[in-house]
Asks: 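One structure coming up, written as structure tokens, with questions to follow.
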2 protein chains.
Amino acid sequence: MERPAEPPALDLALDAAALTARLVDIPSVSGSEKPLADAVAAALATLPWLRVDRHGNNVVARTESGLAQRVVLAGHLDTVPIADNVPSRLDADGVLWGCGTSDMKAGVAVQLRIAATVPRPNRDLTFVFYDNEEVEAERNGLGHLARDHPDWLAGDFAVLLEPSSGQVEGGCQGTLRMVLRLPGQRAHSARSWMGDNAIHAAAPVLERLAAYVPRHPVVEGLEYREGLNAVRIEGGVAGNVIPDACLVTVNYRYAPDRSRDEAVAHVREVFEGCGVAEFTVTDHSPGASPGLSHPAARAFIEAVGGEPRPKYGWTDVSRFSALGVPAVNYGPGDPNLAHKRDERVAIDAIARCEERLRAWLSAGVSAAA
Amino acid sequence: MERPAEPPALDLALDAAALTARLVDIPSVSGSEKPLADAVAAALATLPWLRVDRHGNNVVARTESGLAQRVVLAGHLDTVPIADNVPSRLDADGVLWGCGTSDMKAGVAVQLRIAATVPRPNRDLTFVFYDNEEVEAERNGLGHLARDHPDWLAGDFAVLLEPSSGQVEGGCQGTLRMVLRLPGQRAHSARSWMGDNAIHAAAPVLERLAAYVPRHPVVEGLEYREGLNAVRIEGGVAGNVIPDACLVTVNYRYAPDRSRDEAVAHVREVFEGCGVAEFTVTDHSPGASPGLSHPAARAFIEAVGGEPRPKYGWTDVSRFSALGVPAVNYGPGDPNLAHKRDERVAIDAIARCEERLRAWLSAGVSAAA
């Protein structure tokens, strides 16, 4: 019998920067996370204070000390495709280069370091490592865990260690796509009065969009910025035909004080009286509250410092929110460097993130206890 | 040596309906007109009062009697693809069924009958039979003749025997297509305020189109009806991107009192101040005057009767107009039956057309002369 290959070993005694380099050197492009998931699970299994569960290439480790609160630290294992930027390289300025350095193996290294070095935290801890974050939503490992093992994700507060330049980014905005169909009637364009032009019928829709004044609602102290935009328009049958349909796809990005249903109702209301024959929702992911009023969140913000910022884009914090767990993004990487060939992370930012999380999760626990 | 195949023979002594049936039974889908062109040329060559010229599968026959005026009778030899409707079939109600019956072998039969039966016309006559009318403009045989032998098409007045239900259709409207580009600036749709939405920028263009009041100019007694319509709109990069371009294709159908340049200037003027970054003409065929004030045309209308109607669509009369020859459509077929599987023509309409043309072209010439 052939002996199965040993998973690459991860030494959790390395500092977070060295551990990040080690993680980058184990390629884990979306769909190919198994070697890295194996290595993470094997390393966590050596820590006796953790219970480790696995679902596909998703690994969840938990303390079970019966503490009053539970905090989830989550990160994805996968990266976008490698672009000649693996293995990693540390330069003389303390910058680590390579695929996934920023998004988000530096964050995963911080998770692993906290798991290894905080055996008696002040709140029960759950560490979530998941696959397929960089690809279509239906493959997302956090989504699979939420569907199949929601109890593994339970908690009072969650931190996603996505790149946020060491700033707390609270909640996220929802995103709704709807297709608006304007009707018409075909005719030869040489006898246009016999028809009814569906492209012309889109005029009031575009006027409403051009005149739209988006809300800037403040939710738990964070000012969000909404937007309602056409992202596609299509109409036309042939160069000599009055078109009988025009489709306008709008994307509504909305603050987390608005529910799914309210968002849909708002879009329908905006275009009331514009002659839209049909509204079709093609894509909808609701927003997530920042959850900053929760005591665990307040302690977190105090510990890590800085001014929380709203997250305008949609992120996986929404999946925690849907499970009733307020969540924020907080990680060492720079989001502007994610997915780039020259992706990199400053190693002192990784260490700072690790220290601050450790301080938050250790505060009040006697070192001698 | 192999003996070349004889061209199918056409007996010009047949009546126009029987001749139409014979023409339908010689298939001549665009690009395959040679057997029919050969047959037409051979039949015309038996008529000593005609000079016959040929250019590819285009056949031109002329009387050269030095008369004061010259009239051109023109028709295309080709048909759209056969749809199980060849050979022709004459039903008990006097209706001839088959591909090309209406568009326009009935008209071609009338041309041939006039050629064969009016040896001493009151005006010099030119008979034009051309190929590839049903396909792209650059293959059009009348266009090739206009380019290579414009003298063969010279005349004071031309009649195209296209199906017009036995009514005179005067001139034709021009058709101009222009693409209007609206500019913008890309941004992520979660941060739409960083960009500039090109689809929203199309709102004033569509408003102008929706509010546009077309002219109904009267040209030589015929009331034309213009139209300005969007026939295509396209914009959008991705579902999460503010688009940086939106293209609107407009089709302006304009009456023959407006020149090429005036038409382009009009479209640019309509959209003045709408933020259009670029206008591109993609297709332009000018209109044609009905030419009804010419003495030959007046005599023609008197002879054939009825009230002349304007032609809203673009037709080959425009090619004659470009050569300085006023032209009308006048043929026995019903244009609504053209290109259909159940294409057909009433044989009494063919006979009526032939009689009226003969009356017009024979008037004043003594039968005994």
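Residue numbers begin at 1 in each chain, while the letters A, B, ... track the order of the sequences.
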Asks: Enter the distance from A:Tyr312:OH to B:Met194:CE here, rounded to the nearest 0.5 Å.
Replies: 10.0 Å
Asks: With a 4.5 angstrom heavy-atom cut-off, could you sort out which part of A:Arg191 is near chain B: side chain, backbone, both or neither?
Replies: side chain
Asks: Quick one, B:Arg208 and A:His200 - any side-chain contact, counting heavy atoms below 4.5 Å?
Replies: no
Asks: Who wins among B:Arg253, B:Gln173, B:Lys311, B:Arg232 for the most heavy-atom pairs under 4.5 Å with chain A?
Replies: B:Arg253
Asks: So for A:Asp283, is it side chain, backbone, both, or neither that comes closer than 4.5 Å to the heavy atoms of chain B?
Replies: neither
Asks: Between B:Gly235, B:Pro243, B:Ala210, which residue shows the highest count of heavy-atom pairs closer than 4.5 Å to chain A?
Replies: B:Gly235
Asks: For chain A, find which of B:Arg177, B:His188, B:Glu226 contributes the most heavy-atom pairs closer than 4.5 angstrom.
Replies: B:Arg177
Asks: Do you know which of B:Ala211, B:Cys246, B:Gly236, B:Ala201 has the most heavy-atom pairs with chain A at a distance under 4.5 angstrom?
Replies: B:Gly236
Asks: Tell me, out of B:Ile233, B:Asn240, B:Asn251, who's got the most heavy-atom pairs with chain A below 4.5 Å.
Replies: B:Ile233
Asks: Heavy-atom distances under 4.5 Å only: say whether A:Thr175 touches chain B with side chain, backbone, both or neither.
Replies: neither
Asks: Is B:Val205 close to chain A through its backbone or its side chain, or both, or neither, when contacts mean heavy atoms under 4.5 Å?
Replies: neither
Asks: Counting heavy-atom pairs closer than 4.5 Å to chain B, which one of A:Pro214, A:Pro204, A:Ala230, A:Gly195 comes out on top?
Replies: A:Ala230
Asks: Just checking B:Glu136: does its CD atom have more than 12 heavy atoms from other residues, nucleotides or ligands closer to it than 6.0 angstrom?
Replies: yes
Asks: What heavy-atom pair brings B:Leu206 and A:Leu206 nearest, and what distance separates the two atoms?
Replies: CD1-CD1, 3.7 Å
Asks: Between the side chains of A:Ser192 and B:Asn229, does any donor sit under 3.5 Å from an acceptor?
Replies: yes
Asks: If you tally heavy-atom pairs under 4.5 Å against chain B, which of A:Ala202, A:Gly239, A:Gly227, A:Ala203 wins?
Replies: A:Gly239
Asks: Side chain, backbone, both or neither: which part of B:Ala198 has a heavy atom under 4.5 Å from chain A?
Replies: neither
Asks: Which atoms of A:Val248 are under 4.5 Å from chain B, going by heavy atoms: the side chain, the backbone, both sets, or neither?
Replies: neither
